[in-house]
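For reference, the structure is listed below as structure tokens.
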Amino acid sequence: MTTHIKVPAQGEKISMQSGKLTVPDRPIIPFVEGDGTGPDIWNASVRVIDAAVAKAYGGQRQIEWLEVYAGEKSVQVYGEGQWLPEETLTAFREYLFGIKGPLTTPVGGGIRSINVALRQELDLYACVRPVQYFQGVPSPVKRPQDVDMVIFRENTEDIYAGIEYRAGTPEAARMRDFLVGEMGVTKIRFPDSSSFGVKPVSQEGTERLVRAAIQFALDNGRKSVSLVHKGNIMKFTEGGFRDWGYDLAKREFGAVEIDGGPWCQLPNGIVIKDVIADNFLQQILTRPTDYDVIATLNLNGDYVSDALAAQVGGIGIAPGANINYVSGHAIFEATHGTAPKYAGKDVINPSSVILSGEMMLRYMGWTEAADLILKSLDATIQQKFVTYDFARSMEGAHEVKTSEFANKIIENMG
Ligand SMILES: NC(=O)C1=CN([C@@H]2O[C@H](COP(=O)(O)OP(=O)(O)OC[C@H]3O[C@@H](n4cnc5c(N)ncnc54)[C@H](OP(=O)(O)O)[C@@H]3O)[C@@H](O)[C@H]2O)C=CC1
Ligand SMILES: O=C(O)CCC(=O)C(=O)O
Ligand SMILES: [Mg+2]
């Protein structure tokens with residue numbers, strides 16, 4: 001395959017040895033611009049990230065960006081059918097870190113999600129999505145400041161494995177025959193016109209995700225870890241997630257049961273508890289202070305991410321990271337999608353990717369630059385310079401374009 005990637009002349013790779021990251025002063029970091037509003041957002045975000053690094057380290061540190069391709073731009077560059085070229089995967093593998101804009105996934109037919117494929121190919125098993133409130137952001141709830149949670153969403157299993165058979169195909173007929181004929185299943189209501197999906201959830205997959213969530217809670221002085229599941233209905237998949245999660249907390253972290261179980265507590269007081277997903281979705285509205293670190297399965301995590309983001313102002317300000325804590329691989333990306341109706345209009349809110357960059361800098365240990373982003377984003381919102389999404393429900397807002405919002409954040413770095 002032709003090489004379309006132009007590696008910067010300067011810069012070095014980030015690496016990980018014995019669980020410890022080594023970050024050079026000029027790390028090469030691959031990025032994917034993204035589809036739809038991706039270019040608007042990326043062009044604003046990269047300026048903010050670079051400005052924060054320049055300001056914090058006075059030229060001693062600098063990111064060397066390496067453009068890699070996925071999605072629609074990849075098809076333009078590499079040709080038909082090349083949605084996720086091998087050299088993009090190779091770059092993410094080699095350079096350890098990456099950051100990306102959103103990529104389009106068609107509904108029903110067409111290609112399967114490139115976003116999900118990247119997570120699976122690189123085994124980025126934890127999707128980490130912090131949800132915090134920035135003072136002044138308009139919110140649909142009365143006390144958005146009560147929401148301070150970090151979602152750990154399992155990122156490689158569940159129905160996102162993409163094991164599905166479309167109704168009317170020979171594969172669906174074989175699945176039906178296997179289930180009805182060999183497994184004795186009698187509860188498929190309309191067997192001949194059903195599509196089938198398979199939901200793999202494993203002990204290993206659950207344990208590595210819950211381990212990451214508990215470790216995060218320990219490292220960051222959090223109060224509790226809640227296992228969110230629908231184990232009353234899906235007993236062995238979602239129920240398995242809950243049981244394996246509790247077992248791991250006891251076995252590896254010394255948790256002991258409280259009040260007769262199954263809730264338990266770590267020696268330092270962190271509570272490990274569980275909640276059924278539908279109840280959780282109402283309780284995050286009625287009593288958000290009961291929740292802190294959340295560990296959940298892939299689909300629940302997807303729903304919960306957008307729901308919680310809405311409580312603190314919307315998915316325009318919802319960052320995230322896909323991480324493998326063992327290999328060190330990480331791809332940072334917003335929670336939201338391509339928002340195609342705003343593509344090329346320079347109006348969309350870039351905060352989610354800016355804050356994903358902030359997460360990346362913090363993970364690299366470049367905390368001064370990360371802090372600068374948080375401080376100046378906060379100041380910009382308090383000055384009421386905001387994009388359309390916040391402006392539409394903020395009194396006295398100065399509505400600015402995506403690029404102008406980035407300029408204001410950079411100005412506020414001083
Ligand atoms: N990781 C990824 O790359 C993801 C990709 N996708 C893909 O994106 C495509 C579109 O998905 P869709 O379901 O429409 O969801 P989107 O998240 O793209 O957009 C839904 C709505 O959310 C609001 N929104 C999204 N991003 C922003 C932002 N940066 N600033 C302000 N508001 C924002 C807009 O609301 P309003 O209309 O009120 O202004 C928008 O219409 C699909 O192909 C989907 O598969 C989806 C999620 C994640
Ligand atoms: O891959 C997609 O298109 C959607 C993914 C998604 O919604 C998410 O990861 O939150
Ligand atoms: Mg989603």
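We count ligands from 1, going down the list as the structure has it; atoms in each ligand are counted the same way.
Short contacts between ligand 2 and N115, defined as distances under 4.0 Å to a heavy atom of the residue, involve ligand atoms 1 (O), 2 (C), 3 (O). Every atom of ligand 2 with a heavy atom of T105 under 4.0 Å away is listed here by number and element: 1 (O), 2 (C), 3 (O). If you number the atoms of ligand 2 from 1 as listed, the ones under 4.0 Å from a heavy atom of R153 come out as 8 (C), 9 (O), 10 (O). For ligand 2, the atoms sitting less than 4.0 Å from at least one non-hydrogen atom of R129 are 8 (C), 9 (O), 10 (O), numbered in the order shown with element in parentheses.
When distances to the Mg ion (ligand 3) are checked against a cut-off of 2.8 Å, D306 contributes no N, O or S atom below that limit.
Ring to ring, F241 and H229 are not that close: their centroids are 6.0 angstrom or more apart. Close placement of the F152 and F216 rings is indicated, their centers lying within 6.0 Å of each other. Residues Y291 and F280 bring their aromatic ring centres within 6.0 Å. The six-membered or imidazole ring of W263 lies away from that of Y246, with a centre-to-centre distance of 6.0 Å or more.
Closest heavy-atom contact between H4 and Y69: O-CE1, 3.7 Å.
Shown here, atom 21 (C) of ligand 1 is out of close reach of the protein: none of its heavy atoms lies under 4.0 Å off. Using a 4.0 Å threshold on non-hydrogen atoms, atom 14 (O) of ligand 1 does not count as touching the protein. At a distance under 4.0 Å, a protein heavy atom can be found next to atom 29 (N) of ligand 1.
For R112, no heavy-atom contact with ligand 2 is shorter than 4.0 Å. Within the 4.0 Å heavy-atom criterion, neither part of H336 lies near ligand 2.
For the Mg ion (ligand 3), the nearest N, O or S atom contributed by D302 is named OD1.
If you check which protein heavy atom lies closest to atom 41 (O) of ligand 1, you get K341 CE, 3.7 Å. The single protein non-hydrogen atom nearest to atom 24 (N) of ligand 1 is I315 CG1, 4.0 Å, given as residue, atom name and distance. Scanning the protein heavy atoms around atom 18 (O) of ligand 1, the nearest turns out to be A339 N, 2.8 Å. In this structure, the protein non-hydrogen atom closest to atom 7 (O) of ligand 2 is D302 OD1, 3.2 Å.
On a distance-only criterion, I348 and ligand 1 share no N/O pair closer than 3.5 Å. Where the criterion is an N or O separation shorter than 3.5 Å, residue side chain and backbone included, Y388 meets it with respect to ligand 1.
One option in H336, E333, K100, R119 has a heavy atom closer to atom 4 (C) of ligand 1 than any other, and that option is H336. Closest heavy-atom approach to atom 17 (O) of ligand 1 among the candidates G38, G337, G101: G337. Nearest to atom 5 (C) of ligand 1 by heavy-atom distance, out of D35, V347, L103, is L103. Considering only non-hydrogen atoms, atom 3 (O) of ligand 1 lies nearest to N115 out of D302, V353, T338, N115.
Using a 4.5 Å heavy-atom cutoff, the side chains of N155 and Y160 are not in contact. Counting heavy atoms from C-beta outward, F134 and V312 have side chains that stay 4.5 Å or more apart. In this structure, the side chains of V150 and R222 come closer than 4.5 Å at one or more pairs of heavy atoms.
For the residue pair S224 / D292, no side-chain donor-acceptor distance below 3.5 Å is found, with atom types taken as modelled.
Comment: R392 does not engage E399 in a salt bridge, judged by the lack of any side-chain N to carboxylate O separation of less than 4.0 angstrom. Remark: E86 engages R93 in a salt bridge, criterion side-chain N to carboxylate O under 4.0 Å.
With T156 as the partner, the side chain to side chain donor-acceptor pair (under 3.5 Å) test is satisfied by one option alone out of Q120, R208, R119: R208.
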